[in-house]
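All heavy atoms count here, side chains included; hydrogens, waters and symmetry mates do not. Model, not experiment: these values are computed from the prediction. Sequence lines set the chain letters: A, B, ... in the order given, protein chains first and strands last, and positions in each chain run from 1.
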There are 2 protein chains.
Amino acid sequence: MVSQAEENYLKALFHLTSDIPEKTEAGTNELADMLDVTPATANNMLKKLKEKGWVSYEKYGKISLTDKGRVLAVEIIRKHRLWETFLYEKLNFTWDEVHEVAEQLEHIQSVKLVQQLEKFLDFPEIDPHGDPIPNEKGEIRFIKRKTLAEIEESKTCKLVAVKDNSSSFLQYVVKLGLGLSSKIKVLGRREFDGSMEIEVNKVRSSISKKVAQNLLVV
Amino acid sequence: MVSQAEENYLKALFHLTSDIPEKTEAGTNELADMLDVTPATANNMLKKLKEKGWVSYEKYGKISLTDKGRVLAVEIIRKHRLWETFLYEKLNFTWDEVHEVAEQLEHIQSVKLVQQLEKFLDFPEIDPHGDPIPNEKGEIRFIKRKTLAEIEESKTCKLVAVKDNSSSFLQYVVKLGLGLSSKIKVLGRREFDGSMEIEVNKVRSSISKKVAQNLLVV
DNA sequence: TATATTTGTTAGACATGCCTAACTAAATTA
DNA sequence: TAATTTAGTTAGGCATGTCTAACAAATATA
């Protein structure tokens, strides 16, 4: 049995040690910070997680997930991202509202629920933030996302996420006719300021370099 | 803030004191029984719930919900039944599988989630067990359900629930061509054994009195 | 009504998960 | 390298929600 608190620690450790390939170990303070607890509390939990075989660390040493621990963490992330997708696609939640509720839903225990939810959503590959959703085997199809600013002229790409989640930016994005999965064609670029001409649904717009740098595409 | 444990007590008290009009008070042992805890534990929690103003009781006296407590309980039941409906209608769960998962989902805190879920399900009035779903104001549209055995000859009714949730009974029900919301026409009744002739989707069947008494209809 | 049974309460213990305060080890920098 | 800063640990405490064992009150029954 994995408690909700334990699940949160495993998930945080996964993000600290597997999101960036160069960084495969974490520290107590860092972990405590991410979970909004004191280092003492994190240290305490770490002992339990080690005891259960989900985390490997030695006193004053670096922390990492064991294979078992990683499997659990990925399963939680899978659930989190499937729920986010559900909230966004079916229940009219916005990009910035999904996370908080998914934090709760990710702890629901039911294998069938996750399988059926995934099927109901038609096996989505990315969540509303553009992050990959692990499949049932725990495999994560890593997606090399770029910012729109990096896309070459005359190429077409798909919007998968935004970096800036402020509602003012989101409103602007919507005004451009953009939404998740929108196809964007890069018509041209002005070198002196980096601004771009784009086409979305046959509508042409001009956007600043800054805006382009906040749009993540595949 | 209401903890999950507290929510479970409120819900149990609602069922003990409001499901049957004649019974408006509960006892410690009864409550403990329903929640699968010891009477000592229930007694302990009761003090906290009284403290918070959700339950009224005096030492060695009977227990009942206050108006505040009832509002909370109804909201939990509303969530439970909406989730059951979601699992049944959208995620291919069977009648007997929905309850366990809904027990977890009912504790998710998000007003928007409940509102949107209700809308997504098109404002259902009854859950897969035929129980009424309270609306957002907490109003419960009580439905006077009857067993099929009570329906007069030549009348047509709608199946809303089964009393016996065993999978063997459910399988038999399915074999009769019945599902939730199926229309059943009572063709006739044999008085000597109470068995009935019914018609479902133009198919006639004969069922025993016992079976008819386990089918709840509106 | 006196006794037995059922129902409800109290006291004390324990696990989980959090905290603060005091301390120790490791890393940085002067 | 010695001093300072940062990172990590330990000890002890607390709230929540559970338990068992012992007891008290209310109810049922002989």
Side-chain angles (χ1 to χ4, degrees), chain A residues 1-13 15-17 22-65 69 72-73 76 103-104 106-109, chain B residues 1-13 15-17 22-65 69 72-73 76 103-104 106-109:
Chain A
M1 229 348 10
V2 197
S3 71
Q4 290 201 188
E6 286 167 347
E7 289 195 341
N8 288 332
Y9 281 88
L10 292 172
K11 191 177 52 149
L13 279 172
H15 288 310
L16 287 171
T17 63
E22 305 84 53
K23 191 170 173 307
T24 60
E25 292 174 320
T28 307
N29 285 10
E30 202 181 8
L31 178 61
D33 248 39
M34 182 171 266
L35 291 165
D36 249 306
V37 296
T38 60
T41 302
N43 181 264
N44 200 45
M45 180 60 98
L46 246 7
K47 287 180 191 166
K48 281 182 218 162
L49 296 177
K50 187 193 173 179
E51 190 63 33
K52 297 205 177 188
W54 297 330
V55 149
S56 78
Y57 94 116
E58 299 303 327
K59 224 185 190 183
Y60 292 105
K62 287 295 175 186
I63 310 157
S64 62
L65 287 170
L72 291 175
I76 300 155
E103 285 285 294
Q104 299 178 62
E106 72 190 5
H107 299 296
I108 304 292
Q109 303 287 338
Chain B
M1 231 341 14
V2 197
S3 72
Q4 290 202 186
E6 286 167 345
E7 290 196 339
N8 288 332
Y9 282 88
L10 292 173
K11 189 177 52 148
L13 280 173
H15 288 311
L16 288 171
T17 63
E22 305 82 57
K23 192 171 170 307
T24 60
E25 293 174 317
T28 307
N29 284 12
E30 204 182 7
L31 177 61
D33 247 41
M34 183 171 264
L35 290 164
D36 248 305
V37 297
T38 61
T41 301
N43 181 264
N44 200 43
M45 180 60 98
L46 244 9
K47 287 179 191 166
K48 280 182 217 161
L49 297 178
K50 187 192 172 178
E51 190 63 34
K52 297 205 175 187
W54 297 330
V55 150
S56 78
Y57 93 117
E58 299 304 325
K59 224 186 191 183
Y60 292 106
K62 288 295 177 186
I63 309 158
S64 62
L65 287 171
L72 291 173
I76 300 154
E103 286 285 294
Q104 299 179 61
E106 72 190 5
H107 299 295
I108 305 293
Q109 303 287 338

Colleague: Return a single string for nucleotides 18-29 of chain D, one symbol per nucleotide in 5' to 3' order, where B is base contact, S is sugar-phosphate-only contact and - is none, cutoff 4.0 angstrom on heavy atoms.
Modeller: BBB----S----
Colleague: First and last nucleotide of DNA chain C touching chain A, 5' to 3', heavy-atom cut-off 4.0 Å?
Modeller: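 The contacted stretch runs from C/dT16 to C/dA25.
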Colleague: For nucleotides 2-5 of chain D, list the nitrogen or oxygen atoms of the protein found under 3.5 Å from its nitrogen or oxygen atoms, one pair per line.
Modeller:
none

Colleague: Using the side-chain hydrogen bond (donor to acceptor under 3.5 Å, both in side chains) criterion, which residues pair with A/S64? Sequence neighbours excluded.
Modeller: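 side-chain hydrogen bond (donor to acceptor under 3.5 Å, both in side chains) list for A/S64, sorted by chain: A/S56.
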Colleague: B/E7 CD to D/dG17 C1': how many Å, rounded?
Modeller: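 The distance from CD of B/E7 to C1' of D/dG17 comes to 15 Å, rounded to the nearest Å.
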Colleague: Just the rounded figure in Å: distance from P of D/dG17 to CD of B/E51.
Modeller: 14 Å
Colleague: Applying salt bridge (Lys or Arg N to Asp or Glu O under 4.0 Å), can you list everything that pairs with B/K50, at least two apart in sequence or on another chain?
Modeller: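 Partners of B/K50 under the salt bridge (Lys or Arg N to Asp or Glu O under 4.0 Å) test: B/E58.
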Colleague: Output all residues satisfying side-chain hydrogen bond (donor to acceptor under 3.5 Å, both in side chains) with A/N43, sequence neighbours left out; order by chain, then residue number.
Modeller: none
Colleague: If I take atom CD in residue A/E30 and atom C1' in nucleotide D/dT9, what distance separates them, rounded to the nearest angstrom?
Modeller: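 Those two atoms, CD and C1', are 17 Å apart.
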Colleague: If every non-hydrogen atom of A/A32 is compared with every non-hydrogen atom of A/A42, which pair is closest and at what distance?
Modeller: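 What the structure gives for the nearest pair is CB-CB, 3.9 Å.
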Colleague: Say you draw a straight line from CH2 of A/W54 to CG of A/L72; how long is it, rounded to the nearest 0.5 Å?
Modeller: 6.0 Å
Colleague: From OH of A/Y57 over to C1' of D/dA7, roughly how many Å is that when rounded to an integer?
Modeller: 13 Å
Colleague: Could you work out, with side-chain hydrogen bond (donor to acceptor under 3.5 Å, both in side chains) as the rule, every residue matching A/Q104, not counting sequence neighbours?
Modeller: none
Colleague: Between B/E6 (CD) and D/dT16 (P), how many Å, whole number?
Modeller: 8 Å
Colleague: Provide, to the nearest angstrom, the distance between the NZ atom belonging to A/K62 and the P atom belonging to D/dA7.
Modeller: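 Answer to the nearest Å: 9 Å.
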Colleague: Would you please name every residue forming a side chain to side chain contact (heavy atoms under 4.5 Å, CB included) with A/E30, sequence neighbours left out?
Modeller: A/L16, A/K23, A/A26
Colleague: Mind checking what makes salt bridge (Lys or Arg N to Asp or Glu O under 4.0 Å) contact with A/E106, not counting sequence neighbours?
Modeller: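 Partners of A/E106 under the salt bridge (Lys or Arg N to Asp or Glu O under 4.0 Å) test: A/K11.
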Colleague: Mind checking salt bridge (Lys or Arg N to Asp or Glu O under 4.0 Å) for B/K62 and listing every partner two or more places apart, or none if nothing turns up?
Modeller: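 Checked B/K62 against salt bridge (Lys or Arg N to Asp or Glu O under 4.0 Å); zero matches.
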Colleague: Please identify each residue that fulfils salt bridge (Lys or Arg N to Asp or Glu O under 4.0 Å) with B/K47, with sequence neighbours left out.
Modeller: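 B/K47 satisfies salt bridge (Lys or Arg N to Asp or Glu O under 4.0 Å) with no other residue.
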Colleague: Could you list the residues that satisfy side-chain hydrogen bond (donor to acceptor under 3.5 Å, both in side chains) with B/T38, not counting sequence neighbours?
Modeller: B/T41
